[in-house]
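To start, the structure under review is shown below, and the notes come after it.
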Number of protein chains: 2
Amino acid sequence: MRNASQNSGAARRAPRRRRGHERVAALLEAAAACFVEKGYDGATMTGIAARAGAAIGSLYQFFPTKEALALALAAAYADALERQLQRLAARSAGWTPEHLAAQLVRLLGAFRRRHPAFAALAEAAATQPALRTLAVRRRLREGLRELLRGHAPGLAEAELQAAAVVVLQLMKAAVALGGEPGLSGRRAALAGLERALALYLADLSRPA
Amino acid sequence: MRNASQNSGAARRAPRRRRGHERVAALLEAAAACFVEKGYDGATMTGIAARAGAAIGSLYQFFPTKEALALALAAAYADALERQLQRLAARSAGWTPEHLAAQLVRLLGAFRRRHPAFAALAEAAATQPALRTLAVRRRLREGLRELLRGHAPGLAEAELQAAAVVVLQLMKAAVALGGEPGLSGRRAALAGLERALALYLADLSRPA
DNA sequence: TTAAAATGTGAGGATATCCTCACTTTTTCT
DNA sequence: AGAAAAAGTGAGGATATCCTCACATTTTAA
């Protein structure tokens with residue numbers, strides 16, 4: 001989990017030695033764990049530092065603000081997700097709508113399972129105006145748009161954009177279902193959402 | 001994180017005179033406004049009391065906790081929504097999937113516009129474990145299940161339940177789109193989501 | 001009228017969080 | 001070795017929130 005992107009919530013002091021980079025990585029990991037357990041608001045800088053085995057001052061050396069910490073994490077997630085989407089797009093030529101839908105749902109679900117803090121941050125972004133800069137959504141939309149371009153050749157640019165928004169919302173719904181605890185019939189519901197996505201994709205590529 | 005009594009959401013002292021009821025109504029309204037402007041976490045009890053023109057002590061007289069306040073608001077919203085869903089179900093016999101989808105999206109969208117705090121609370125419930133008791137989702141699911149029963153007679157009970165979950169998620173997605181600020185092509189995206197819902201509903205009622 | 005019940009008040013205690021800063025320790029480089 | 005740069009430390013200041021409590025005011029009913 002490297003700090004791939006530059007300074008949008010710039011580190012007060014960027015790490016320049018190896019130890020610094022390791023510390024930053026440990027801090028980000030601890031932050032992710034705390035965000036998952038307590039949510040963005042509930043997580044405390046003191047708690048994050050403690051979990052990383054660092055002093056509070058160390059944390060503030062690299063991240064001047066809780067918000068900067070969250071933004072750094074989100075940027076890393078956005079990078080990873082965009083790459084995965086591109087890889088999927090490259091392989092998706094000729095797939096049926098059903099298969100494409102299944103792969104898309106699977107991709108986001110697996111990512112969420114691997115990085116639970118991603119969901120926590122996405123939820124927090126809805127409430128916290130400070131996190132509105134996340135731009136994860138925009139990057140995902142663009143990735144999806146490029147993916148869809150190959151599957152619905154007849155669509156105008158505006159329609160393609162709208163379709164990307166729709167597909168993203170459907171994927172998000174599937175991910176939300178995955179996070180709902182103790183919902184009876186979750187598997188069936190997930191299959192239903194996947195079906196809805198497949199139907200929509202098929203409708204998209206059908207010659208009007 | 002101070003919490004005096006673990007009285008789950010009950011008013012410390014229920015209003016018994018007319019003035020008490022008016023005050024409670026004013027406090028709830030002020031709370032809704034604050035939740036919209038600052039979010040559940042950002043809203044403060046002091047701010048809510050001030051906005052209602054009441055002293056902080058008055059607020060705590062009726063709502064022992066911020067959580068109790070939110071739960072009371074949410075209960076009112078759940079009641080209203082359930083009623084509206086039932087009214088829609090009563091009129092929906094014979095509707096095409098397209099029309100049903102349009103009406104469902106319209107219903108939730110209008111509710112969200114009329115009661116913006118509903119969305120704020122729904123978002124907060126995802127993060128705040130204290131609000132997990134909301135149960136709004138469960139009641140909506142049940143309402144939808146009954147509505148769908150008339151439109152897909154062949155379905156088993158478990159399938160009906162799953163379908164209700166799917167439809168609720170699709171409606172939520174549509175509502176989320178409505179709240180996204182400054183998204184270009186929002187109308188087109190909304191139409192796309194409605195189309196996905198219609199396709200899913202049609203697929204549901206098609207004889208397998 | 002008058003006492004009891006309901007409602008209203010706001011200063012302040014308890015607690016919690018964010019973040020600073022003066023300082024120490026470790027690493028790098030000449 | 002020695003100096004400079006980077007990384008590390010944690011007590012505490014500033015601030016903010018939740019909620020209590022002892023008491024004042026208004027309404028109801030006998």
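Naming convention: chains lettered A, B, ... in sequence-line order (proteins, then strands); numbering from 1 in each chain.
In this pair, B:Phe118 and B:Tyr77 present their aromatic rings perpendicular. The plane angle is above 60°, beyond the 30 to 60° band.
In this structure, the side chain of A:His151 engages the main chain of A:Ser92 through a donor-acceptor pair within 3.5 Å. A side-chain donor-acceptor contact under 3.5 Å links B:Lys66 to the backbone of B:Ala43. Listed for the B:Thr44 side chain is a donor-acceptor partner under 3.5 Å among the backbone atoms of B:Gly47.
Across the protein-nucleic acid pair, A:Arg16 atom CZ and C:dT26 atom C1' stand 17 Å apart, rounded to whole Å. Summarising the geometry, the separation between CZ on A:Arg18 and C1' on D:dA5 is reported as 19 Å, rounded to the nearest angstrom. At whole-Å resolution of the value, CE in B:Met45 and C1' in C:dT15 are 16 Å apart. In this structure, A:Lys38 atom NZ and C:dC18 atom P are separated by 12 Å, rounded to whole Å. Rounded to an integer number of Å, the gap from CG of A:Leu69 to P of C:dC19 is 11 Å. If you measure from atom OH of A:Tyr60 to atom P of D:dA6, you get 23 Å, rounded to the nearest angstrom. To the nearest angstrom, C1' of C:dT20 lies 14 Å from CZ of A:Arg13. If you measure from atom CD of A:Glu22 to atom P of C:dT27, you get 11 Å, rounded to the nearest angstrom.
Residues B:Arg137 and B:Lys172 are in side-chain contact: their nearest non-hydrogen atoms beyond the backbone lie under 4.5 Å apart.
When A:Leu160, A:Leu104, A:Val166 are each tested for a side-chain contact (heavy atoms from CB on, under 4.5 Å) with A:Leu144, only one passes: A:Leu104.
Between the side chain of A:Arg19 and the base of D:dA6, no donor-acceptor pair of N or O atoms lies under 3.5 Å.
Residues satisfying the side chain to side chain donor-acceptor pair (under 3.5 Å) criterion with A:Glu123, sequence neighbours excluded, are absent altogether.
Near-neighbour residues of DNA chain D inside residues 28-36 of chain B, defined by a heavy atom below 4.0 Å, are absent. Near DNA chain D, defined here as any heavy-atom distance below 4.0 Å, the residues from residues 46-57 of chain A are A:Ala54, A:Ala55, A:Ile56, A:Gly57, listed numerically.
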Q: Under the salt bridge (charged side-chain N to carboxylate O under 4.0 Å, His left out) rule, what do B:Arg149 and B:Glu157 come out as? Steps first, then yes or no, please.
A: CA-CA 9 Å; B:Arg149 195 184 297 280; B:Glu157 200 59 24; 3.1 Å; yes

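Residue A:Thr65 places at least one side-chain N or O closer than 4.0 Å to OP1 or OP2 of C:dC19. One finds a side-chain N or O of B:Arg23 lying less than 4.0 angstrom from the OP1 or OP2 phosphate oxygen of C:dG8.
With distances taken from any side-chain atom of A:Ser58 to the nucleotides C:dG8, D:dG8, C:dC18, the minimum falls on D:dG8. Taking the side chain of A:Lys66 as heavy atoms from C-beta on, and the options C:dC19, C:dT9, D:dA7, the nearest nucleotide is C:dC19.
By the 4.0 Å N-to-carboxylate-O rule, B:Arg51 lies close enough to B:Glu37 to be salt-bridged with it.
Between B:Arg17 and A:Gly20, the residue anchored nearer the 5' end of DNA chain D, judged by the nucleotide with its closest heavy atom, is A:Gly20.
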